[in-house]
> 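The structure follows.
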2 protein chains.
Amino acid sequence: MRYSKQKETILEIVNNSFDHLTADEIYLKARNLLPNISLGTVYRNLNTLKEENKIISFNSLDNKEHYDKAFIKHYHFICNNCFKIYDRKINDYKKLCSMLNIDENNTNYIDIKVYGICNDCSK
Amino acid sequence: MRYSKQKETILEIVNNSFDHLTADEIYLKARNLLPNISLGTVYRNLNTLKEENKIISFNSLDNKEHYDKAFIKHYHFICNNCFKIYDRKINDYKKLCSMLNIDENNTNYIDIKVYGICNDCSK
DNA sequence: ATGTAATTAGTAACCATTACTATTTATGAG
DNA sequence: CTCATAAATAGTAATGGTTACTAATTACAT
């Protein structure tokens, strides 16, 4: 595996963002730094970074894959009305794993999504 | 809303299956019962049935939506190697909700997916 | 310096899902 | 039992996120 400025840039964009960016949004941000980067390169590197467990991804109501930092233990609340994605803390990750009978040795990633109506929309 | 044989058939196929069928698989099964049913009808009714909370769906590694019964409290273990989807029991649903600070009043559906390597593949 | 294999840019293709429209059909009123 | 009407369907075309492909570029070891 060789160094590439493109891959490094993509990882930084995901790690420095507080949103849940789609491939297209990451592509647009990357173009500010590397004007010639191509969308295919973004997709390929996102998939590689996932395999290396450096980032995670999940699908949302817009039917697009959203990319996120790997090292923060949290889950997502997704509003069925406004489609916004909220981060929610997981206080006791160990306890959660034991409740779900999860063997952490053969487990890679736990993806929890809670769908409902957010506070803004229920007003 | 009017009765339709197509919608009833689609709901029965999902409820009687022990798999996690995709729209295309449901379409093929439905064609055995209603030879002229169209794929668009399957997709439209699956979306309607979801809105009515009669079925649920989730996205998997094949990047297809999988449809499942709504009334069984369980989560899914997805193997990163063979892409198989396993059902896993949730013993104490109430406790899980309280651990995640979930307000059941504004919550529709909890989608939990655990990714890893299944027993068959780790041999 | 130079060879080479990994990576990229740019474009074309793929395919799951949705949109569209003419036709069919469930249902209620007379 | 008609008949009007609006909801639902069948069949097909279009959409759009993602992947595949290929010639050119580039990191890196020798």
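Computation of the quantities below employed the complete heavy-atom set of this structure, encompassing side-chain atoms and omitting hydrogens, waters and symmetry-equivalent molecules. To find a chain, count down the sequence lines: A is the first, B the second, and so on, and within it residues start at 1.
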> Respond yes when some side-chain nitrogen or oxygen of B:S4 is under 4.0 Å from OP1 or OP2 of C:dA26, and no when none is.
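Looking at the OP1 and OP2 atoms of C:dA26, neither is under 4.0 Å from any side-chain N or O of B:S4.
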> Whole angstrom is fine here: how far is it from CD in B:E65 over to C1' in C:dC15?
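Result: 15 Å.
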> With a 4.5 Å limit on heavy-atom distance, are the side chains of B:I37 and B:R31 in contact?
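Result yes, sub-4.5 Å side-chain heavy-atom pair found.
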> Would one find more than 12 heavy atoms of other residues, nucleotides or ligands at under 6.0 Å from atom OH of A:Y3?
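Atom OH in A:Y3 is crowded, with more than 12 foreign heavy atoms closer than 6.0 Å.
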> Whole angstroms only, please: what is the NZ-P distance between B:K5 and D:dA10?
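For the pair B:K5 NZ and D:dA10 P, the rounded distance is 13 Å.
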> With a 4.5 Å heavy-atom cut-off, do B:K29 and B:L21 have their side chains touching?
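Sidechains of B:L21 and B:K29: in contact.
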> Taking atom CG of A:D103 and atom CG of B:N119, what is their separation to the nearest 0.5 Å?
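If I round to the nearest 0.5 Å, the distance is 8.5 Å.
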> Counting just side-chain N and O atoms, does B:Q6 come under 4.0 Å of either OP1 or OP2 of C:dT25?
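No, because none of the side-chain N or O atoms of B:Q6 sits under 4.0 Å from OP1 or OP2 of C:dT25.
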> Is a side-chain donor or acceptor of A:E8 paired with a backbone partner of A:K5 at a separation under 3.5 angstrom?
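Absent.
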> Using whole Å, report how far CG of A:L28 lies from P of D:dG17.
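In whole Å, D:dG17 P lies 12 Å from A:L28 CG.
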> Using a heavy-atom cut-off of under 4.0 Å over every strand shown, decide if B:D24 touches base, sugar-phosphate, or nothing.
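Touches nothing.
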> Does D:dT19 have OP1 or OP2 sitting under 4.0 Å from an N or O in the side chain of B:N63?
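Checking D:dT19 against B:N63, no side-chain N or O comes under 4.0 Å of OP1 or OP2.
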> For A:L34 and C:dG10, what is the distance between atoms CG and P respectively, to the nearest whole Å?
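A:L34 atom CG is separated from C:dG10 atom P by 12 Å.
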> Kindly indicate whether the side chain of A:D68, heavy atoms from C-beta on, has any atom under 4.5 Å from the side chain of A:H76.
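Touching, per the 4.5 Å side-chain cut-off.
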> Pick base, sugar-phosphate or nothing for B:N47, based on heavy-atom distances below 4.0 Å to the nucleic acid.
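Sugar-phosphate contact only - B:N47 comes under 4.0 Å of backbone atoms but never of a base.
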> Rounded off to whole Å, could you give me the OH-to-P distance for the A:Y67 and D:dG17 pair?
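Computing the A:Y67:OH to D:dG17:P distance gives 12 Å.
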> Has B:Y75 got a side-chain atom pairing as donor or acceptor with A:L100's backbone, closer than 3.5 angstrom?
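The answer is yes, because a donor-acceptor pair under 3.5 Å joins these two groups.
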> Name the one of B:L11, B:N15, B:T9, B:N16 that satisfies side chain to side chain contact (heavy atoms under 4.5 Å, CB included) with B:I13?
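Of all the options given, the one that passes is B:T9.
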> Could you give the CG-to-C1' distance, from A:N59 to C:dA16, as a whole number of Å?
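After rounding, the reported distance stands at 12 Å.
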> Identify, with sequence neighbours excluded, every residue that meets side chain to side chain contact (heavy atoms under 4.5 Å, CB included) alongside A:S4.
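A:Q6, A:K7.
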> Tell me which residues in residues 36-44 of chain B lie within less than 4.0 Å of DNA chain D, going by non-hydrogen atoms.
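Within residues 36-44 of chain B, the residues near DNA chain D are B:N36, B:I37, B:S38, B:T41, B:R44.
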> So which one's nearest nucleotide on DNA chain C is more toward 5', B:Y3 or B:K64?
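Its nucleotide being nearer the 5' end, the pick is B:K64.
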> Rounded to the nearest angstrom, tell me the gap between atom CE in A:M1 and atom P in C:dT4.
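In whole Å, C:dT4 P and A:M1 CE are 23 Å from each other.
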> Have a look at the helix from C:dA1-D:dT30 to C:dG30-D:dC1 and give the angle its two end axes make, five pairs each, rounded to 10 degrees.
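Comparing the first five pairs with the last five, the axes sit 30° apart.
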> Which nucleotide wins on minimum distance to the side chain of A:R2, given the candidates C:dT27, C:dT7, D:dG17?
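Between C:dT27, C:dT7, D:dG17, the one nearest the side chain of A:R2 would be C:dT7.
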> Would you give the length of the straight line joining atom OG of A:S60 to atom NZ of A:K113, rounded to the nearest 0.5 angstrom?
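A:S60 atom OG to A:K113 atom NZ measures 7.0 Å (nearest 0.5 Å).
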> Once you round it to whole Å, what is the distance between P of D:dT18 and CG of A:L46?
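Taking CG of A:L46 and P of D:dT18, I get 10 Å after rounding.
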